[in-house]
Amino acid sequence: MRIRLHAEHGTGSQNGQRSDGQAEQARGQRPPEQKHEQKHVAADSGPGAGFSGLSAGFARIRREFDLPDGFPPAAQAEAERAATSAAPPDEDRTDLPLVTIDPPGSMDLDQALAIERRGEGYRVWYAIADVGAFVRPGGAVDREARARGETVYLPDTRVPLHPAVLSEGAASLLPGQTRPAALWRIDLGASGEVEAVDLRRALVRSRERLDYDAVQAAVDAGTAEGTLALLAEVGPLRLGLERARGGVSLPTPEQRVVPDGDGGYAVEFRSGHPCEAWNAQISLLTGMSAARLMLDAGIGVLRVLPEAGPRDVATVRRMAAALGVPWPEGASYGDVVHGLDPKIPGHAAFLNESAVLLRGAAYVSFNGSPPEHAVHAAVAAPYAHVTAPLRRLVDRYATEVCLAVAAGTPVPEEVAGALAALPEEMASSARRASGVERACVDLVEAAVLEPRVGEVFEAVVIDVEEGRPGGRIQIAEPAVIARCDGDGLPLGERIPVRLTRADPGTREVRFTAAS
């Protein structure tokens, strides 16, 4: 479970904390040897009067948010038929040495990657699970997916977008299995800029399922070869281009609930390896290429984020000065946050408070002419979600548009007709997923802290509101972000705080400033 101090929430898997590599995610780059701060609580301990344990708490959250349990018989039966009857694409690219990079145990594998040298530049192959080969627009699986919008992750389970026979089976890019894919070929110059893009359906076969720890270890040890060695070249090049065009990646850690391996759960802050940021850049690159295809064709669905207004920027500049965060003349917001360290109290507070500049992301669909506002401000370019179709509805539809445009054929009517409803469907599902995420973190925080009511902790004040007492504080051990009562809390400073309430039944945690 992850809470990001960022405008955007990516999707992830509670089984291994999967990151889908989307550009909107803020990624830190803590060295691999640094340890995560954790506090553990048993899943079935009784952490409060009238409260039967975390498992019961997670079940209650599923009920509160009306999460579905299983799939309707018609959708399940249709998925099972499709898993064995989908027609394969004509083109066979099983020769490509593709690999997936995901947390251990991941089964819903959306993306497989291969990178080659191309003269002085590079050729990026990015295979995306071809969910459209199995799911018919307007069919039972599609109707259920449109009601769900995205996979919802809880610490003890997940509520998938598609039946597992597809998402963890026939459509997943599992190693050693021949699968249909939407295969992107993106040619880059020596400095990482895009020179050519191609997209088509093809059969692919992933060679190996890798995880971020192993990839980073190989890169650090100098033993990375082939795609992994080139990812360590292309990723930094693309990050440099992102900064040059004014893009923003916040170096903020994720707050997560994870299984601890002993039947309980741990709450932690975690910052990603550098290779996760590099991998995210490949997803970004693909999403930007998809947006360009759709804009040129005048049909599609984009992920957009408005530019921050001058008043907000001026406020954040003043805040930087007050917190001791350098903002040189002529530097962009992205330049400023790039060098910040969230372990420094003033930096942590600035990263949290300045995220106001990155709020308001949404989807916009269009058919006939491009939208008036087509840029994602954090990406600093037009951008689309196309790389996680197993776990997010909009990606499948956007991919179908891109496949038709790339082939020079009309977008199928059943796809074009669905675009107008996608922004609201995705907004609704995102609200639900975010609510579930926050509720689960609140529950585990309360359970972790309940035995420690009355104790004093060291905290960093990361948020205060003008004219309102109190604010939000962040504690490193246990990994908690919570409300703190008290007048005149000093933003960006360390203070002692006393835990006054931790109730798993209400999922409420409160602190007060300690004298």
Side-chain angles (χ1 to χ4, degrees), residues 1-12 19 22-30 242-243 246-256 269-272 277 280 284 303-327 331-362 375-380 383 427 430-431 433-435 437-438 441 459-466 468 470-475 479-484 489 491-493:
M1 189 62 55
R2 56 193 60 193
I3 299 296
R4 296 186 181 84
L5 304 182
H6 196 289
E8 290 295 296
H9 291 251
T11 54
S19 165
Q22 294 304 317
E24 297 161 316
Q25 295 178 173
R27 300 192 183 280
Q29 298 191 10
R30 181 172 54 191
E242 176 184 82
R243 289 187 63 195
V248 181
S249 293
L250 296 185
T252 49
E254 301 166 356
Q255 184 190 14
R256 319 181 306 170
F269 290 122
R270 177 187 180 275
S271 295
L284 252 178
R303 186 66 166 161
V304 298
L305 176 67
E307 291 281 352
R311 180 174 298 180
D312 286 335
V313 174
T315 298
V316 169
R317 278 184 171 275
R318 290 194 296 271
M319 188 181 305
L323 292 170
V325 172
W327 193 322
S332 69
Y333 173 59
D335 292 331
V336 172
V337 301
H338 177 76
L340 298 187
D341 182 351
K343 295 186 290 295
I344 298 174
H347 291 189
F350 178 76
L351 289 166
N352 180 72
E353 295 287 281
S354 67
V356 66
L357 301 182
L358 300 176
R359 291 174 185 158
V375 171
H376 192 294
V379 180
Y383 172 65
R431 287 191 294 268
S434 179
E437 188 174 86
R438 183 65 258 175
V441 171
V460 174
V461 180
I462 61 170
D463 182 41
V464 295
E465 296 181 32
E466 189 173 349
R468 181 184 177 188
R472 284 198 310 151
I473 50 103
Q474 178 173 308
I475 296 171
V480 168
I481 297 172
R483 183 76 190 173
C484 182
L489 296 185
L491 181 65
E493 294 185 18

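The model shown is predicted, which means the values in this text are computed figures rather than measured ones.
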Item checked: Pro251 side chain near Leu351 side chain, heavy-atom distance below 4.5 Å -> yes
Item checked: Residue pair Phe350, Ile344: steps toward the side chain to side chain contact (heavy atoms under 4.5 Å, CB included) verdict -> CA-CA 10 Å; Phe350 178 76; Ile344 298 174; over 6 Å; no
Margin query: Using the side chain to side chain donor-acceptor pair (under 3.5 Å) criterion, which residues pair with Arg483? Sequence neighbours excluded.
Written below: none
Note to self: Measuring only between side-chain heavy atoms, which start at C-beta, is Ile462 closer than 4.5 Å to Glu353?
What the structure shows: no
Item checked: Interatomic distance, Ser332 atom OG to Arg243 atom CZ [nearest 0.5 angstrom] -> 7.5 Å
Check: Which residues satisfy the side chain to side chain donor-acceptor pair (under 3.5 Å) test with Asp312, sequence neighbours excluded?
Finding: none
Note to self: Go through it in stages, so that I can follow the logic: the residues are Tyr333 and Val313, the test is side chain to side chain contact (heavy atoms under 4.5 Å, CB included), and I'd like the CA-CA distance, side-chain angles, deciding distance and then a yes or no.
What the structure shows: CA-CA 9 Å; Tyr333 173 59; Val313 174; over 6 Å; no
Next item on the list: List the atom of Leu305, the atom of Gly360, and the distance in Å for their closest heavy-atom pair.
Entry: CD1-C, 3.6 Å
Check: Given Arg431 and Ser434, is the side chain to side chain donor-acceptor pair (under 3.5 Å) satisfied, shown in steps?
Finding: CA-CA 5 Å; Arg431 287 191 294 268; Ser434 179; over 6 Å; no
Notebook entry, point to check: Which heavy atom in Val304 sits nearest to a heavy atom in His376, and how many Å separate them?
Noted result: C-CD2, 4.1 Å
Item checked: Pairwise distance CG(Leu491) to CG(Asp463) - rounded to 0.5 angstrom -> 7.5 Å
Notebook entry, point to check: Once you round to the nearest 0.5 Å, how far does CD of Gln255 lie from CZ of Arg438?
Noted result: 5.5 Å
Checklist line | Val461 versus Leu489, closest heavy-atom pair with distance | finding: CG1-CB, 4.1 Å
Notebook entry, point to check: What residues, two or more places apart in sequence or in another chain, satisfy side chain to side chain donor-acceptor pair (under 3.5 Å) together with Arg317?
Noted result: none
Check: Can you name the closest pair of heavy atoms from Ala377 and Pro306 and give their distance?
Finding: CB-O, 3.6 Å
Check: Where do Asn352 and Arg359 come nearest, in terms of heavy atoms and distance?
Finding: O-NH2, 4.1 Å
Next item on the list: With rounding to the nearest 0.5 Å, note down the distance linking CH2 in Trp327 to CE in Met319.
Entry: 10.0 Å
Check: Can you name the nearest heavy-atom pair linking Leu323 to Gly492, along with the distance?
Finding: CD2-CA, 3.8 Å
